[in-house]
Novice: 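Supplied in structure tokens, the structure appears directly below.
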Amino acid sequence: MMMLTIQQQTSILELILTLFNTAPGAVNLAVLGSRLRNGQSLSNLAQSLTQSALFFDRHYLAQLSHAEFATSFINDLIGNRASESDKNLMVDFITHKQANGATQAEIIAEVTSALSSVSFSDPNWGKASLHYTTYNASKIVNHLFGDAFSPANKSVVVDHMLTQISTGKTFGDMVVWAIDTVVDVDHDNVVWGNAAVLLNNRTEVARYYSIDRAGIAIDYDALQKILAKVTVDTLTIATAKAAIDHLLSDDNGFSGTTNEDFRLDAVLRTKKRDMPSMPKGKTKMIELVI
């Protein structure tokens, strides 16, 4: 099997830090690397990962009825940014899909993908699409810039991402743009420099866990907390590596089992059935479920 280049490794580390605020680990690094080697672009990979239950980051009990899950999910996703009739159409649509075997993860991937493709000016779903995309862009920016950027400067970046998306760029395109912009900036840059240093330091820690230690089984929340303590101060790199060593030691029981809660191969395998558009208020249910 062809080995990943250093640049490919780095791109994956930076992408997962930006999307999920954590390191990919050895297994996920291999999974995503195989996608890059087979010709999938980084922006396309980013788009696939953001249209997933893992990125949506809401958790629903498996024992919920189809209607209970559908109602909770649509309220979390849409809120009051669409009419009750349109929301009810979506609840009925989801309930029908689940009754025919669709999983919660498949539904989340399918509906978030459809909502992401809606124009911000759409009279039915535009407000919901804008809110959802803004929330996701803000999450990306917060993961990428941390405390190295002021709230005002973060807002400028988010607004730029939204403007580009409204002209046809995908969300995945803008994730890669944000990463590349930070990576390419001079570390002495007054506005962007600290963000570049921060990403570099966090990437070094992610590389240590995922490649040097080939970590596959670490508590997801614990690793996020370790990375959260990495700053522009290079001394925090050594501290984070020592914390990873401690968690990966046999005494802590993390050495032998893959973390099933963060398996990106499962995320990428999740089926997104075709849903060409979000339903409109006058759409008949028979048109949605055929």
Side-chain angles (χ1 to χ4, degrees), residues 2 4-5 7-60 73 76-77 94 97 102-119 128-129 132-144 161-162 164-166 168-180 183 203 206 210 216 220 258-278:
M2 186 181 300
L4 289 175
T5 66
Q7 182 54 56
Q8 287 173 324
Q9 291 176 347
T10 302
S11 294
I12 293 169
L13 295 171
E14 292 167 346
L15 179 64
I16 301 308
L17 281 167
T18 303
L19 294 182
F20 300 107
N21 206 26
T22 193
V27 172
N28 287 327
L29 186 68
V31 167
L32 301 182
S34 68
R35 296 278 179 141
L36 294 184
R37 287 196 303 270
N38 289 331
Q40 187 169 4
S41 69
L42 196 65
S43 60
N44 184 269
L45 191 58
Q47 186 75 10
S48 296
L49 290 171
T50 57
Q51 294 171 349
S52 68
L54 183 63
F55 187 73
F56 187 65
D57 199 24
R58 299 288 195 281
H59 304 283
Y60 302 98
F73 169 50
D76 287 341
L77 181 64
I94 291 169
K97 296 282 275 190
T103 66
Q104 290 183 359
E106 288 170 351
I107 291 294
I108 292 171
E110 180 178 350
V111 176
T112 56
S113 175
L115 183 63
S116 297
S117 68
V118 172
S119 168
S129 178
Y132 180 61
T133 307
T134 302
Y135 175 82
N136 287 341
S138 298
K139 179 163 62 173
I140 291 298
V141 167
N142 284 327
H143 288 172
L144 188 57
M161 294 174 71
L162 295 174
Q164 293 300 306
I165 290 168
S166 69
K169 296 288 187 180
T170 68
F171 190 79
D173 290 335
M174 298 318 298
V175 170
V176 174
W177 166 83
I179 296 171
D180 287 346
V183 169
T203 302
S210 303
I216 61 172
Y220 178 64
T258 303
N259 185 353
E260 296 294 338
D261 293 332
F262 194 58
R263 288 290 299 268
L264 297 182
D265 54 342
V267 171
L268 293 169
R269 282 199 305 268
T270 298
K271 294 178 290 185
K272 288 197 282 281
R273 297 175 172 85
D274 289 336
M275 181 180 175
S277 62
M278 299 289 283

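Just so you know, these numbers come straight off a predicted model, no measurement behind them.
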Novice: For residues 23-56, which residue pairs pass the ring pair (Phe, Tyr, Trp, His ring centres under 6.0 Å) check, not counting sequence neighbours?
Specialist: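 Every ring pair (Phe, Tyr, Trp, His ring centres under 6.0 Å) pair that includes a residue of residues 23-56, provided the two are not neighbours, is Phe56-Phe73.
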Novice: Verify, without hydrogens or angle tests, whether Asn28 (side chain) and Leu264 (backbone) share a donor-acceptor contact under 3.5 angstrom.
Specialist: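 Yes, Asn28 side chain to Leu264 backbone: donor-acceptor pair under 3.5 Å.
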Novice: Quick check for you: to the nearest 0.5 Å, what is the distance between Arg269 atom CZ and Arg263 atom CZ?
Specialist: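 Arg269 CZ to Arg263 CZ: 7.0 Å, rounded to 0.5 Å.
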Novice: Do the side chain of Ser117 and the main chain of Ala114 share a donor and acceptor less than 3.5 angstrom apart?
Specialist: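 Checked: pair present.
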Novice: Looking at Glu106 and Lys97, does any basic side-chain N land under 4.0 Å from a carboxylate oxygen?
Specialist: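 No salt bridge links Glu106 with Lys97.
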Novice: Does Leu4 form a side-chain contact (heavy atoms from CB on, under 4.5 Å) with Ile12? I'd like the steps, not just the answer.
Specialist: CA-CA 10 Å; Leu4 289 175; Ile12 293 169; 4.2 Å; yes
Novice: The criterion is side-chain contact (heavy atoms from CB on, under 4.5 Å); which residues satisfy it with Ser34, sequence neighbours excluded?
Specialist: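 Partners of Ser34 under the side-chain contact (heavy atoms from CB on, under 4.5 Å) test: Arg37.
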Novice: Short question: side chain of Ser129, backbone of Val118 - any donor-acceptor pair under 3.5 Å?
Specialist: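 Checked: pair present.
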Novice: Just distance, no hydrogens or angles: give the donor-acceptor pairs under 3.5 Å from side chains in residues 13-26, sequence neighbours left out.
Specialist:
unit_1, atom_1, unit_2, atom_2, d
Thr18, OG1, Glu14, O, 2.8
Asn21, OD1, Arg202, NH2, 2.7

Novice: Could you grab the distance from atom CG of Asp180 to atom CE of Met174, nearest 0.5 Å is fine?
Specialist: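 Going from the CG atom of Asp180 to the CE atom of Met174 covers 10.5 Å.
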Novice: Less than 4.5 Å apart, any side-chain heavy atom of Leu77 and any of Ile108?
Specialist: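 Contact flag for Leu77/Ile108 side chains = no.
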Novice: Measure the CG-CG distance between Asp57 and Asp76 for me, rounded to the nearest 0.5 Å.
Specialist: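 These two atoms lie 11.0 Å from each other.
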Novice: Please give me the minimum heavy-atom distance between Ser11 and Leu42, naming the atom from each residue.
Specialist: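 Closest approach of Ser11 to Leu42: CB-CD2, 3.9 Å.
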Novice: Flag yes if more than 12 heavy atoms outside Lys139 fall under 6.0 Å of its NZ atom; otherwise flag no.
Specialist: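 Yes - once you tally the heavy atoms of other residues, nucleotides and ligands closer than 6.0 Å, there are more than 12.
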Novice: Is there a side-chain contact between Leu49 and Val175 in this structure, where contact means two heavy atoms from C-beta onward sitting under 4.5 Å apart?
Specialist: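 The answer is no, as the side chains (C-beta and beyond) never meet within the 4.5 Å cut-off.
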Novice: Determine whether Thr50 and Asn136 satisfy the following criterion, side-chain contact (heavy atoms from CB on, under 4.5 Å), listing intermediate values before the conclusion.
Specialist: CA-CA 9 Å; Thr50 57; Asn136 287 341; 5.9 Å; no
Novice: For the pair Asp173 and Gln164, evaluate side-chain contact (heavy atoms from CB on, under 4.5 Å) and give the outcome as yes or no after the intermediate values.
Specialist: CA-CA 9 Å; Asp173 290 335; Gln164 293 300 306; over 6 Å; no
Novice: I'd like to know if the side chain of Ser52 reaches the main chain of Ser48, judged simply by a donor and an acceptor atom lying under 3.5 Å from each other, with no hydrogens or angles considered.
Specialist: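 Judged by distance alone, no pair lies under 3.5 Å.
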Novice: Looking at CG of Leu36 and CG of Leu45, how far apart are the two atoms once the value is rounded to the nearest 0.5 Å?
Specialist: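 Reported value, rounded in 0.5 Å steps: 6.0 Å.
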Novice: Using only heavy-atom distances, determine whether the side chains of Ser43 and Gln47 contain a donor-acceptor pair under 3.5 Å.
Specialist: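 No donor-acceptor contact under 3.5 Å links the two side chains.
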Novice: Nearest 0.5 Å, what's the CZ-CG distance between Arg35 and Asp265?
Specialist: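 Atom-to-atom, Arg35:CZ and Asp265:CG are 9.0 Å apart.
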Novice: Using the side-chain contact (heavy atoms from CB on, under 4.5 Å) rule, take Met161 and Trp177 through it: C-alpha gap first, then chi angles, then the decisive distance, then the call.
Specialist: CA-CA 9 Å; Met161 294 174 71; Trp177 166 83; 4.0 Å; yes
